[in-house]
Amino acid sequence: MNEKPEKIVRSETEWRTLLTQEQYQVLREKGTERPFTGALTQNHETGNYHCAGCGALLFMSGAKFDSGCGWPSFMLPADSKAVEEHEDKTFGMRRVEVTCARCGGHLGHVFPDGPQPTGLRYCINSASLTFTRKKP
Ligand code: FE
């Protein structure tokens with residue numbers, strides 16, 4: 001991917017129709033699933049993680065690691081242009097929000113406490129992802 005993905009814009013009504021309630025709360029309302037409850041937190045299979053909102057490839061299993069934080073954690077995105085980062089000062093914290101570059105859906109946050117070589121931890125809600133297992 002050499003250029004930024006084309007944006008997908010949908011109305012709130014369309015998103016409500018397309019997404020489950022949990023996906024809607026996370027992706028469109030910037031919710032956070034409770035830790036250790038997401039379906040993909042403990043997923044160790046080889047494959048790709050796509051945006052649950054628009055299908056864009058966001059993360060790959062090779063970058064996933066066990067952070068112990070309770071959410072799927074990745075050292076880096078599948079492509080630097082697949083996600084966007086935004087300063088987030090809600091809840092009295094300074095965090096960096098991560099969104100899908102294509103549909104704007106909220107994914108989670110990125111923290112500077114990940115393993116080398118990136119030193120980053122993309123802490124991503126399971127509800128904002130769909131997993132596609134790599135065919136053997
Ligand atoms: Fe998306």
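Remember, it's 1-based here, ligands and their atoms both numbered in the order they're listed.
Using cut-offs of 30° and 60° on the angle between ring planes, the pair H109 and F111 is tilted.
Contacts classified as side-chain hydrogen bond (donor to acceptor under 3.5 Å, both in side chains) and involving residues 69-78 (residues at least two apart or in different chains) are given here: S67-S73. Residue pairs meeting the salt bridge (Lys or Arg N to Asp or Glu O under 4.0 Å) criterion with at least one partner in residues 104-120, sequence neighbours excluded, are D113-R121.
Taking F74 as the reference, Y49, F59 meet the ring-ring contact (aromatic ring centres under 6.0 Å, His included) condition, with sequence neighbours excluded.
Of the options Q21, R28, E22, a side-chain contact (heavy atoms from CB on, under 4.5 Å) to Y24 is made by R28 and by none of the others.
Heavy atoms of other residues, nucleotides or ligands lying less than 6.0 angstrom from CD of E6 number 12 at most.
Each protein N, O or S atom less than 2.8 Å from the Fe ion (ligand 1) was counted, giving 4.
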